[in-house]
Amino acid sequence: MSQTTKPTPAGALTGSMRDFRVPGGADLLARVDGFYRWQDQRRQHGLWPFSRATDFGPRTEVTAADDRGIVMQGVNFASQDYLSLSSHPAIRETALEALDRYGVHSAGSPALVGNTTHSVALEKKIAEFLDMPEVVLYPTGWAAGYGVIRGLVRSADHIVMDALSHTCLQEGANAATRNIYQFRHLDLEHCRRWLSTIRAKDTENGIMVVTEGLFSMDSDTPDLAAMQALCHEFKATLMVDVAHDLGALGADGRGHIGVQKMLGKVDVVMGSFSKTFASNGGFVAVRNRAIKEYLRFYSPTTTFSNALSPMQAAVILKAFEIVESAEGAKLRDEMMANVLSLRSQLAAAGLETYGDPSAIVCVKMGSEGLARLVSRRLPEMGLLANLVEFPAVPKGQARFRMQVMAKHSPQNIADAVSIVSRARAEAEVELAELGAPAVAPERVAA
Ligand SMILES: Cc1ncc(COP(=O)(O)O)c(C=O)c1O
């Protein structure tokens, strides 16, 4: 049984963050209290598995404290470091050399003097890697996703986006225009219908179609060639976010754009360095210098934000070198062998996973209540895995997102499967004893 002995109140097993997104009241600061009360009730019962801090970075085995200061030790499937590059000796050495040469700070936007020899070389390297002529760097992947949409789309334009697109893309779209049309996840026919409806009325303004190379909660992928063809047919621009697959998937690490033989053929490619390239940061790759220069001066999250630090630029450049090398191919093979082993061991334990094999292995739980009771037990039993619940995924489809690294050992995988399996069995018993509270959100007064 879980070490938490206090009975679990139903209010800690129901409700969601969505309930507090639009708090009411004239006092902007006081009206956030409701969220804190709900969150803290979860926290007090060990059901708030977020905001953890590790002692030594994203290793396969970690010591991590939760936000009550309670420390766990165990296997780490919660960090994003798919090829285990953040602990690679050459990355560390590169960071130290960059520190010696440039110091710690870029001290300026890329539109001013925030660039360094390494960041300029990095732009060239990514352009060559993706067979796209030009690249713009951003301080984070989030800034790149938000900034590319905000930079190119204006209020009279239209955005047609996969309904499961990442929050940076949704927020960028909301900031750019009110003309947003979501199509059902991966449903090209639905996408086509929106495009044809828009073009029947408006041939004057632009349309951006937004999707991802690998969806981060479902581990699935659109038909990129078909989407680009649709965009040509309706004079729309395709924008693909490759945060999760670039570097980590495909024999040569070009992700689904490479696997689908679409290198150099997608209108706009945007990505993040935070999953595979051992650093914060993001980029946008485009088809000519005019678009690059426009983004540099009209995409607010790069124009008016400080550039990547020199150490980050140097580390990412080195990470691309490794990704492209024979060692990179070996790391991808090791990662994929771990993914396949994890998925098959989970299946053997009766646990279902979402989507196709990738570093993202999401394990189905179902109700938020059950998933939260499992989340309490995982660290107690020695496993870190991220709980994902509504509204990040649909209500009643809570899951644990396990993110695989090349350097996870067979023992790490076996331990993780055994822990998820035992935690789920125990949580089912506790949930039944509690009388299985409703999944429906329960509002806590603000
Ligand atoms: C699909 C997708 N796009 C963009 C981002 C943002 O990237 P970053 O963490 O580098 O800001 C993420 C990461 O959460 C992501 O999953």
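Counting starts at 1 for both ligands and their atoms, following the listed order.
Nearest to atom 12 (C) of ligand 1 by heavy-atom distance, out of M270, E212, M217, H166, is H166.
Less than 4.0 angstrom separates some heavy atom of D241 from each of these atoms of ligand 1: 1 (C), 2 (C), 3 (N), 4 (C). Close approach of ligand 1 to S272 is summarised as follows: ligand atoms under 4.0 Å from at least one heavy atom of the residue are 7 (O), 8 (P), 10 (O). Ligand-side atoms of ligand 1 in range of T140: 11 (O), range being under 4.0 angstrom from any heavy atom.
Taken to the nearest 0.5 Å, the CG atom of L164 stands 9.5 Å off from the CZ atom of F183. Here the CH2 atom belonging to W38 is positioned 7.0 Å from the CG atom belonging to D19, to the nearest 0.5 angstrom.
Within the 4.5 Å cutoff, the side chain of L169 has heavy atoms near those of the M270 side chain. Residues Y102 and H118 are in side-chain contact: their nearest non-hydrogen atoms beyond the backbone lie under 4.5 Å apart. For the pair Q260 and K265, the minimum side-chain heavy-atom distance is 4.5 Å or more.
In this structure, atom 9 (O) of ligand 1 lies nearest to the protein heavy atom S274 OG, 3.2 Å. The protein heavy-atom contact nearest to atom 14 (O) of ligand 1 is K275 NZ, 3.0 Å. Protein heavy atom in closest approach to atom 16 (O) of ligand 1: H244 NE2, 2.6 Å.
The closest approach between any non-hydrogen atom of G282 and ligand 1 is not below 4.0 Å. Heavy-atom distances between Q80 and ligand 1 stay at or above 4.0 Å for every pair.
E352 CD: 12 or fewer foreign heavy atoms inside a 6.0 Å radius. Sparse packing is recorded around CZ of R92, with 12 or fewer heavy atoms of other residues, nucleotides or ligands lying under 6.0 Å away.
Checking only distances, W142 does come within under 3.5 Å of ligand 1, N or O to N or O.
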